[in-house]
2 protein chains.
Amino acid sequence: MVGVMGPELTFPDRDDIRLVEVLHALADPVRLQLVRLLDETDGAVACGQIPLPVSKPTASHHLKVLREAGVVWAREVGTRRYYSLRRDDLEARFPGLLDSVLAAGTAGEGAPTAGTRS
Amino acid sequence: MVGVMGPELTFPDRDDIRLVEVLHALADPVRLQLVRLLDETDGAVACGQIPLPVSKPTASHHLKVLREAGVVWAREVGTRRYYSLRRDDLEARFPGLLDSVLAAGTAGEGAPTAGTRS
DNA sequence: GGAATCATTCGACGTCCGTCGAACGTTGTC
DNA sequence: GACAACGTTCGACGGACGTCGAATGATTCC
């Protein structure tokens, strides 16, 4: 039988993707790390193959948040689910947003230089 | 006497601005609306002069979140506080991020076109 | 068929968040 | 000096969030 695991996966339409939800989905260290990994791994990654500092249910929860926010796709193959970024839709809806977030990740995130108080 | 209202206002250094905190600060409807208004009003806006759908303490709270995330400056003049965006610092730290968020705001946020359900 | 694998869902727990009314300290004005 | 204006802080409330262990459903392999 061809695989249908749980309830049918649903995703928001491109035009239903809300900026606030995307920002909220990205505003979490684990999910941000997840998105960066999905960005580097250009194909698609299964949930279990991702090195995450959280338990399996928690990872599943974060993936769900990203999916419902319209950030990632989920494709079922057997008992696995392969996730990938919705680059095109995000770029069409919020041009430059994903790129800037990902670029900020690769750039200095923990390298303070001087100090300009006030 | 020249005004010092509460405890001295503190802000994160440019290099201490964290992406996750900025995203979290922007991932709220009220704060996003606030940032957009600060963007349009190029000078600076006082707290009370902002038409917000929340009470005064709540608005103050949101401004504090934005300030501590490094998104806005706060300048005291008498009994008022004028807020303004930290465009330069945000652009230096996360190039294109603020622009994409603001552009997304002015573009269609509630104008669905077709429907590509999966 | 039975066991192992994969990912989710469920229930629970503690924490953080957004919200408000009331009280407070400053500042400016009469 | 007294009063009004401004913004913050305090305390409290309800809800959402992140986290996990255990249980569940599906699939694959022997």
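We name chains A, B, ... by the order of the sequence lines, and we start the count at 1 in each one. The structure displayed is predicted, hence computed values, not measured ones.
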A:R81 side-chain proximity, nearest of C:dT26, C:dA7, D:dT8: C:dA7

Interatomic distance, A:K64 NZ vs D:dT19 P [rounded to whole Å]: 16 Å

Side-chain donor/acceptor contact of B:S55 with base of C:dC20 under 3.5 Å: no

Touch class at under 4.0 angstrom, heavy-atom based, for B:Y82 against every strand present: nothing

Residue A:T58, side-chain atoms from C-beta onward, closest of C:dT9, C:dT19, D:dC20: D:dC20

For atom CD of B:Q49 and atom C1' of D:dA5, their distance in whole Å: 11 Å

Nucleotide nearest A:H24 when distance is taken to its side chain, options D:dA5, D:dC17, D:dT9: D:dC17

Proximity to the side chain of A:P57 - top-ranked nucleotide from C:dG21, D:dG7, D:dG21: D:dG21

Nearest-neighbour nucleotide for the A:S60 side chain, D:dC17, C:dT9, D:dT19 considered: C:dT9

Basic-acidic side-chain contact under 4.0 Å: B:D88, B:R14: no

Touch class at under 4.0 angstrom, heavy-atom based, for A:A59 against every strand present: nothing

Nucleotide D:dT19, atom C1' - distance to CG of A:L63 in whole Å: 16 Å

Atom-pair distance (CD on A:E68; P on D:dG18), nearest Å: 12 Å

5'-most by nearest nucleotide on DNA chain D - A:A27 or A:V77: A:A27

Close aromatic pair by centroid cut-off 6.0 Å: A:W73 and A:F11: yes

Side-chain heavy atoms of A:R87 within contact of A:D39, under 4.5 Å: yes

Rounded distance (Å) that lies between atom P of D:dG7 and atom CZ of B:R75: 13 Å

Nucleotide nearest A:R80 when distance is taken to its side chain, options C:dG21, C:dC6, D:dT19: C:dC6

Minimum-distance nucleotide (side-chain atoms of B:D28 versus C:dT8, C:dG18, D:dG7): C:dG18

Min side-chain heavy-atom separation A:I17-A:F94 under 4.5 Å: yes

Residue pair B:L97 / A:V101: nearest heavy atoms and the distance that separates them: CD1-CG2, 3.9 Å

Nearest-Å distance for atom pair CD/C1', residues B:E76 and C:dG28: 15 Å

For atom CG of A:L66 and atom P of C:dA7, their distance in whole Å: 16 Å

Spacing of B:H62 atom NE2 relative to D:dG7 atom C1', expressed in whole Å: 15 Å

Closest listed nucleotide, where the reference is the side chain of A:V30 and the choices are C:dT9, D:dT19, C:dG18: D:dT19

